[in-house]
Trainee: 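This is the structure I want to talk about, given as structure tokens.
These values consider heavy atoms only, across backbone and side chains, with no hydrogens, waters or symmetry-generated copies.
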Amino acid sequence: MSELKQLVEKFIELDNDLNAKIEKELENSEELPESFEDDNKEQIEELGEIYHEIEHQVFNEEFIIVSNALSEEKEVVALIVSEEDEDEEFVIPVYTDEKEAEEAIAVFKEQFGENEFECDKKVGSEIIADYSDDEGFIGLAVNAPQWDFVIGSEDVHDCCE
């Protein structure tokens, strides 16, 4: 398993745990107690540290990207994340391994009918650069649709920058 995949899984686990604590606190009150942040300081800091590591990993990670093989121009699969009445915003789903990509393709075939899909490999920083001029581009969705984890394009950076 890639280091990036492990980091994202750890982030999701900690984030879900923190969200469960928030929900539990809000069952009895409309606001979180003032002590909540102090009581969960270590977990909140750990989430920030893990996200920062993910920012660096995504920059150099080679991902699998999925394209529609039947279109005239190569059209990378994108996931729309905006509401109907808003300007269209999208993320590019990227995959850490072939198994994740194949699972996503099975879902895409259900959603998009009989399209044919092909896979390519590209480094995260290249994908960000390819779409940086598009105002609707938000970021990368790692191993979508299995996970609900998006990293914003503005967050992806190299340690040397």
Side-chain angles (χ1 to χ4, degrees), residues 1-26 32 35-68 74-83 86-108 111 117-161:
M1 180 183 306
S2 75
E3 185 177 350
L4 175 65
K5 191 171 181 179
Q6 290 174 331
L7 286 169
V8 173
E9 286 180 341
K10 178 77 172 166
F11 183 91
I12 290 170
E13 179 184 319
L14 286 170
D15 190 51
N16 287 343
D17 182 56
L18 189 61
N19 286 332
K21 290 177 183 178
I22 290 170
E23 284 180 28
K24 186 174 182 182
E25 289 288 342
L26 293 177
L32 289 173
S35 64
F36 183 83
E37 196 170 317
D38 288 337
D39 294 344
N40 295 283
K41 185 177 181 179
E42 285 181 27
Q43 188 172 4
I44 293 167
E45 286 176 358
E46 187 176 3
L47 273 171
E49 290 169 8
I50 292 171
Y51 190 83
H52 188 74
E53 284 297 312
I54 291 169
E55 293 171 338
H56 294 301
Q57 289 282 330
V58 169
F59 187 87
N60 295 308
E61 181 89 6
E62 184 176 68
F63 291 106
I64 297 170
I65 55 175
V66 177
S67 303
N68 180 351
K74 184 168 275 191
E75 182 182 311
V76 172
V77 173
L79 303 174
I80 306 301
V81 295
S82 53
E83 299 293 325
E86 296 176 9
D87 290 336
E88 191 170 278
E89 294 180 322
F90 65 95
V91 294
I92 300 294
V94 295
Y95 305 95
T96 55
D97 59 45
E98 290 179 16
K99 178 181 172 280
E100 299 289 349
E102 291 302 322
E103 288 177 19
I105 287 171
V107 172
F108 296 151
Q111 292 175 343
F117 297 96
E118 59 186 31
C119 294
D120 293 306
K121 291 188 178 181
K122 216 167 203 181
V123 175
S125 58
E126 294 172 327
I127 299 168
I128 298 292
D130 289 348
Y131 292 90
S132 63
D133 291 338
D134 193 323
E135 291 180 15
F137 177 56
I138 293 175
L140 304 178
V142 181
N143 291 342
Q146 294 89 325
W147 294 343
D148 190 18
F149 186 82
V150 173
I151 181 163
S153 59
E154 70 279 356
D155 294 335
V156 175
H157 64 276
D158 189 13
C159 296
C160 300
E161 285 188 336

Trainee: Could you report the tightest heavy-atom contact between Ser82 and Glu88, atom names first, then the distance?
Mentor: OG-CA, 3.4 Å

Trainee: What pairs of residues pass the side chain to side chain donor-acceptor pair (under 3.5 Å) test when at least one of them lies in residues 125-142, not counting sequence neighbours?
Mentor: Lys122-Asp130

Trainee: Rounded at 0.5 Å granularity, tell me how far CD in Glu61 sits from OG in Ser2.
Mentor: 5.0 Å

Trainee: Between His157 and His56, how do the two ring planes meet: parallel, tilted or perpendicular, split at 30° and 60°?
Mentor: perpendicular

Trainee: Hey, mind stepping through His52 and Glu55 against side-chain hydrogen bond (donor to acceptor under 3.5 Å, both in side chains) and telling me if it holds?
Mentor: CA-CA 5 Å; His52 188 74; Glu55 293 171 338; 3.0 Å; yes

Trainee: Going by ring pair (Phe, Tyr, Trp, His ring centres under 6.0 Å), name the residues that satisfy it together with Phe149, two or more places apart in sequence or in a different chain.
Mentor: Phe11

Trainee: Please enumerate all residues that pass side-chain contact (heavy atoms from CB on, under 4.5 Å) together with Ile44, with sequence neighbours excluded.
Mentor: Leu18, Glu37, Asn40

Trainee: Any heavy-atom pair between the side chains of Val66 and Val76 that's under 4.5 Å?
Mentor: no

Trainee: Under the side chain to side chain contact (heavy atoms under 4.5 Å, CB included) rule, what do Val123 and Phe63 come out as? Steps first, then yes or no, please.
Mentor: CA-CA 6 Å; Val123 175; Phe63 291 106; over 6 Å; no

Trainee: For Lys121, which residues count as a side chain to side chain donor-acceptor pair (under 3.5 Å) partner, sequence neighbours excluded?
Mentor: none

Trainee: Enumerate the salt bridge (charged side-chain N to carboxylate O under 4.0 Å, His left out) contacts for residues 14-24, please, sequence neighbours excluded, ordered by first and then second residue.
Mentor: Asp17-Lys21

Trainee: Identify, with sequence neighbours excluded, every residue that meets side-chain contact (heavy atoms from CB on, under 4.5 Å) alongside Glu46.
Mentor: Lys10, Leu14, Ile50

Trainee: Can you give each donor-acceptor pair under 3.5 Å made by side-chain atoms of residues 94-105, sequence neighbours left out, with the distance rounded to 0.1 Å?
Mentor:
residue	atom	partner	partner atom	Å
Tyr95	OH	Ala144	O	2.9
Thr96	OG1	Asn143	OD1	3.3
Thr96	OG1	Asn143	ND2	3.0
Asp97	OD1	Lys99	N	3.2
Asp97	OD1	Glu100	N	2.8
Asp97	OD2	Lys5	NZ	3.2
Lys99	NZ	Glu103	OE2	2.9
Glu100	OE1	Gln146	NE2	3.1
Glu100	OE2	Lys5	NZ	2.7
Glu103	OE1	Gln146	NE2	3.0

Trainee: Is it true that, when you exclude Asn16 itself, more than 12 heavy atoms of the residues, nucleotides or ligands shown sit nearer than 6.0 Å to its CG?
Mentor: yes

Trainee: Who passes side-chain contact (heavy atoms from CB on, under 4.5 Å) against Glu13, sequence neighbours left out?
Mentor: none

Trainee: Ser153 side chain to Ile138 main-chain N or O, any donor-acceptor pair under 3.5 Å?
Mentor: yes

Trainee: Is the shortest side-chain heavy-atom distance between Leu4 and Val58 below 4.5 Å?
Mentor: yes

Trainee: Which heavy atom in Gly152 sits nearest to a heavy atom in Tyr51, and how many Å separate them?
Mentor: N-OH, 3.6 Å

Trainee: Hey, mind stepping through Lys74 and Asp120 against side chain to side chain contact (heavy atoms under 4.5 Å, CB included) and telling me if it holds?
Mentor: CA-CA 11 Å; Lys74 184 168 275 191; Asp120 293 306; 2.7 Å; yes

Trainee: Once side-chain contact (heavy atoms from CB on, under 4.5 Å) is applied, do any residues pair with Leu32, and if so which ones, sequence neighbours excluded?
Mentor: Ile22, Glu25, Leu26, Phe36

Trainee: Minimum heavy-atom separation for Pro93 and Val77, please, with both atom names.
Mentor: CD-O, 3.0 Å

Trainee: When you compare the side chain of Phe137 with that of Ile128, does any pair of heavy atoms fall below 4.5 Å?
Mentor: yes

Trainee: Roughly how far, to the nearest 0.5 Å, is the CD1 atom of Ile65 from the CG atom of Leu140?
Mentor: 10.0 Å

